[in-house]
Amino acid sequence: MKFKITIVLLAFLLSCKVVFIAGYDPIIESTATKIQNDFNVHFIKLQRTISDSNPNNHNISNFQDYYDHMNADLITLRARSKYLGKKGTLVLKEINNIDNIMHVFENLHKRGFTDSPDDKRDIQNGINSAFDALIKLQEELKPKK
């Protein structure tokens with residue numbers, strides 16, 4: 001009886017196959033998509049406040065909650081990228097790029113916006129391109145079924 005259980009257990013274990021593709025992490029992919037969406041919503045709200053007549057409405061203190069969540073999400077991305085193996089260096093490079101541009105944008109907001117919101121469209125497009133690059137890389141590293 002023990003022999004039969006052992007054979008069944010061995011057959012079960014041999015039929016299970018775990019494939020690890022270094023570089024892909026579903027949490028990185030979903031978090032990057034979330035941060036990109038959050039940024040675009042933030043940008044739309046920010047454009048609206050820049051357009052109104054009260055310059056205090058687009059003060060960074062009114063948006064601190066967004067930046068706190070953004071920084072927490074960026075910490076998650078960096079932490080997840082540590083365990084991805086060799087291909088993880090490519091992912092980490094994209095994450096560091098996003099981290100840098102998001103902090104540049106935050107610092108720009110701290111200094112205050114004096115020009116038209118339409119003048120910021122290039123910044124929005126550049127930031128979205130950085131997210132698109134990371135998400136595309138994750139898609140390319142995703143295990144094929």
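When reading the values below, keep in mind they use all heavy atoms of this one structure, side chains included, and skip hydrogens, waters and symmetry mates.
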[X] side chain to [Y] backbone, donor-acceptor under 3.5 Å:
X	Y	answer
Asn62	Asn57	yes
Gln138	Asp25	yes
Asn128	Gln124	yes

Item checked: Trace of the side-chain hydrogen bond (donor to acceptor under 3.5 Å, both in side chains) decision for Glu29 with Tyr24 -> CA-CA 8 Å; Glu29 184 177 15; Tyr24 175 73; 2.8 Å; yes
Hey, any chance [X] and [Y] share a hydrophobic cluster, counting ILVMFWY side chains that come within less than 4.5 Å of each other, even indirectly?
X	Y	answer
Phe131	Ile75	no
Ile123	Ile50	yes
Ile135	Ile101	no
Val104	Phe63	no

Rounded to the nearest 0.5 Å, what separates atom [atom1] in [X] from atom [atom2] in [Y]?
X	Y	atom1	atom2	result
Gln64	Met70	CD	CE	9.0 Å
Leu77	Met102	CG	CE	10.5 Å
Asp73	Thr31	CG	OG1	6.0 Å

Note to self: Between Asp38 and Lys34, does any NZ, NE, NH1 or NH2 come within less than 4.0 Å of an OD or OE carboxylate oxygen?
What the structure shows: yes
Check: Does Lys136 pair with Glu139 as a salt bridge, N-O distance under 4.0 Å?
Finding: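 No, Lys136 and Glu139 are not salt-bridged.
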Note to self: Run the side-chain hydrogen bond (donor to acceptor under 3.5 Å, both in side chains) test on His109 and Asn59 for me, step by step, so that the C-alpha distance in whole Å, both residues' side-chain angles and the decisive distance to 0.1 Å come before the verdict.
What the structure shows: CA-CA 8 Å; His109 192 170; Asn59 188 302; over 6 Å; no
Item checked: Within the 6.0 Å centroid threshold, strictly below: His42 and Tyr67 ->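 That pair passes the under 6.0 Å test.
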Note to self: So that I know where these two stand, are Tyr66 and Phe39 an aromatic pair - ring centroids less than 6.0 Å apart?
What the structure shows: no
Next item on the list: List the steps and the verdict of side-chain contact (heavy atoms from CB on, under 4.5 Å) for Leu134 and Gln36.
Entry: CA-CA 11 Å; Leu134 175 58; Gln36 182 179 26; over 6 Å; no
Next item on the list: Kindly determine whether His103 and Asn71 satisfy side-chain contact (heavy atoms from CB on, under 4.5 Å), including the steps that lead there.
Entry: CA-CA 9 Å; His103 285 102; Asn71 282 308; 2.5 Å; yes
Notebook entry, point to check: Run the side-chain contact (heavy atoms from CB on, under 4.5 Å) check on Arg80 and Ile95 step by step: do they pass?
Noted result: CA-CA 10 Å; Arg80 297 291 298 200; Ile95 290 170; over 6 Å; no
Item checked: Residue pairs passing the salt bridge (charged side-chain N to carboxylate O under 4.0 Å, His left out) test where at least one lies in residues 55-71, sequence neighbours excluded ->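 Not a single pair qualifies under salt bridge (charged side-chain N to carboxylate O under 4.0 Å, His left out).
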Item checked: Those residues that, when tested against Glu106, pass salt bridge (charged side-chain N to carboxylate O under 4.0 Å, His left out) (two or more places apart) -> none
Item checked: Partners meeting salt bridge (charged side-chain N to carboxylate O under 4.0 Å, His left out) with Lys93 (sequence neighbours left out) ->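 For Lys93 there are no salt bridge (charged side-chain N to carboxylate O under 4.0 Å, His left out) partners, ignoring immediate neighbours.
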Check: Are Phe105 and Asn100 close enough, and set up right, to give a side-chain contact (heavy atoms from CB on, under 4.5 Å), and what steps lead you there?
Finding: CA-CA 9 Å; Phe105 185 80; Asn100 289 334; over 6 Å; no
Next item on the list: Kindly indicate whether the side chain of Phe43, heavy atoms from C-beta on, has any atom under 4.5 Å from the side chain of Ile127.
Entry: no
Next item on the list: For residues Ser81 and Leu92, report the shortest heavy-atom separation together with the two atoms involved.
Entry: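 Scanning both residues completely, I find the closest heavy atoms to be OG-CD1, 3.2 Å.
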Notebook entry, point to check: Which pair of heavy atoms, one from Asn97 and one from Ala130, lies closest together, and at what distance?
Noted result: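 Taking every non-hydrogen atom into account, ND2-CB, 3.7 Å.
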Margin query: Which residue is it: Ile28, Leu90, Leu141? I am looking for the one with a side chain to side chain contact (heavy atoms under 4.5 Å, CB included) to Leu84.
Written below: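 Of Ile28, Leu90, Leu141, side chain to side chain contact (heavy atoms under 4.5 Å, CB included) with Leu84 is met by Ile28 alone.
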